[in-house]
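Because the structure is predicted, anything quoted here is derived from the model rather than measured.
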Amino acid sequence: QVHLVESGGGLVQAGGSLRLSCAASGRPFSSYAMGWFRQAPGKEREFVAAINWSGGSTYYADSVKGRFTISGDNAKNTVYLQMNSLKPEDTAVYYCAATQFRTAQAMGVMGHSGVRYWGQGTQVTVSS
């Protein structure tokens, strides 16, 4: 069983920044893809970004490319999502995700149905 705990959400003005963290524990395998999804009210959970722990390669949704950066700290088993130039459209609950034996690109292509483990979510609100 893998446990994921997100933190760092909050309320910011448009153009501001936030940094989300996801601490992972109980990983039974060395090969994992980890990433972030988000879900706004009335919308489906959508892919945001992912990272391949073995190679460090990343994959981003077009909507956040150039503004968000995903990174990881292997020693701390923690994944980060640096969000810059935030827009009101970014308002959503952000969920950390992990899938064994998957690459970052595979997580993005498969979407939420391909995710094995989920965090509890953290609210991000961007005001106009």
Query raised in the report: If every non-hydrogen atom of Val2 is compared with every non-hydrogen atom of Tyr32, which pair is closest and at what distance?
Result: CG2-OH, 3.3 Å
Query raised in the report: Are any side-chain N or O atoms of Gln105 and backbone N or O atoms of Val109, one a donor and one an acceptor, separated by less than 3.5 Å?
Result: no
Requested in this report: For Tyr94, enumerate each residue passing the side chain to side chain donor-acceptor pair (under 3.5 Å) test, keeping only those at least two apart in sequence or located in another chain.
Outcome: Arg38
Query - Closest heavy-atom pair and its distance - Val115, Thr99 - result: CA-OG1, 3.2 Å
Report task. Decide yes or no for Cys96 and Trp118: does some side-chain heavy atom of the first lie under 4.5 Å from some side-chain heavy atom of the second? Result -> no
**Report entry** Which atom of Met34 lies closest to which atom of Ala98, heavy atoms considered
**Finding:** CG-CB, 4.1 Å
Report summary line: Heavy-atom nearest pair, Val124 first then Gly9, reads CG2-CA, 4.2 Å
Query raised in the report: Do the two ring centres, one from Phe37 and one from Tyr95, sit under 6.0 Å apart?
Result: no
Requested in this report: Please report the closest heavy-atom contact between Ala104 and Ala33, naming both atoms and the distance.
Outcome: N-CB, 4.1 Å
**Report entry** Shared hydrophobic cluster for Tyr117 and Val48 (ILVMFWY, side-chain gaps under 4.5 Å)
**Finding:** yes
Query raised in the report: What is the distance from atom CZ of Arg116 to atom CD of Gln100, rounded to the nearest 0.5 Å?
Result: 6.0 Å
Query raised in the report: Should the heavy atoms of other residues, nucleotides or ligands under 6.0 Å from CZ of Arg102 be counted, would the total exceed 12?
Result: no
**Report entry** Any side-chain donor near an acceptor of the partner, Gln120 and Glu6, under 3.5 Å
**Finding:** yes
Report task. Can you sort out the partners of Thr69 under side chain to side chain contact (heavy atoms under 4.5 Å, CB included), two or more places apart, ordered by chain and number? Result -> Tyr60, Gln82
Report task. Could you check if a side-chain atom of Phe68 sits within less than 4.5 angstrom of a side-chain atom of Thr58, using non-hydrogen atoms only? Result -> no
Query raised in the report: For the side chain of Thr78 and the backbone of Ala23, is there at least one donor-acceptor N/O pair under 3.5 Å apart?
Result: no
Report summary line: dist Ser113:OG -> Glu44:CD (nearest 0.5 Å) comes out at 10.0 Å
Query - Under the side chain to side chain donor-acceptor pair (under 3.5 Å) test, residues paired with Arg67 that sit two or more places apart - result: Asp90
Requested in this report: Determine the minimum heavy-atom distance between Leu20 and Thr122, stating which atoms define it.
Outcome: CD2-CG2, 4.1 Å
Report task. Begin from the C-alpha positions of Thr125 and Gln123 and carry the test side-chain hydrogen bond (donor to acceptor under 3.5 Å, both in side chains) through to its verdict. Result -> CA-CA 6 Å; Thr125 302; Gln123 177 70 47; 3.3 Å; yes
Report summary line: Value for OG (Ser128) from CD (Gln13), rounded to nearest 0.5 Å, stands at 10.0 Å
Query raised in the report: Less than 4.5 Å apart, any side-chain heavy atom of Ser17 and any of Met83?
Result: no
Report summary line: Rounded to the nearest 0.5 angstrom, the OG1-CD1 distance for Thr103 and Ile51 is 12.0 Å
Requested in this report: Apply side-chain contact (heavy atoms from CB on, under 4.5 Å) to the pair Tyr59 and Met107, showing each step before the final yes or no.
Outcome: CA-CA 9 Å; Tyr59 191 76; Met107 178 174 282; over 6 Å; no
Query raised in the report: Cluster question for you: counting only ILVMFWY and a side-chain heavy-atom cut-off of under 4.5 Å, with indirect links fine, are Val12 and Leu81 together?
Result: yes
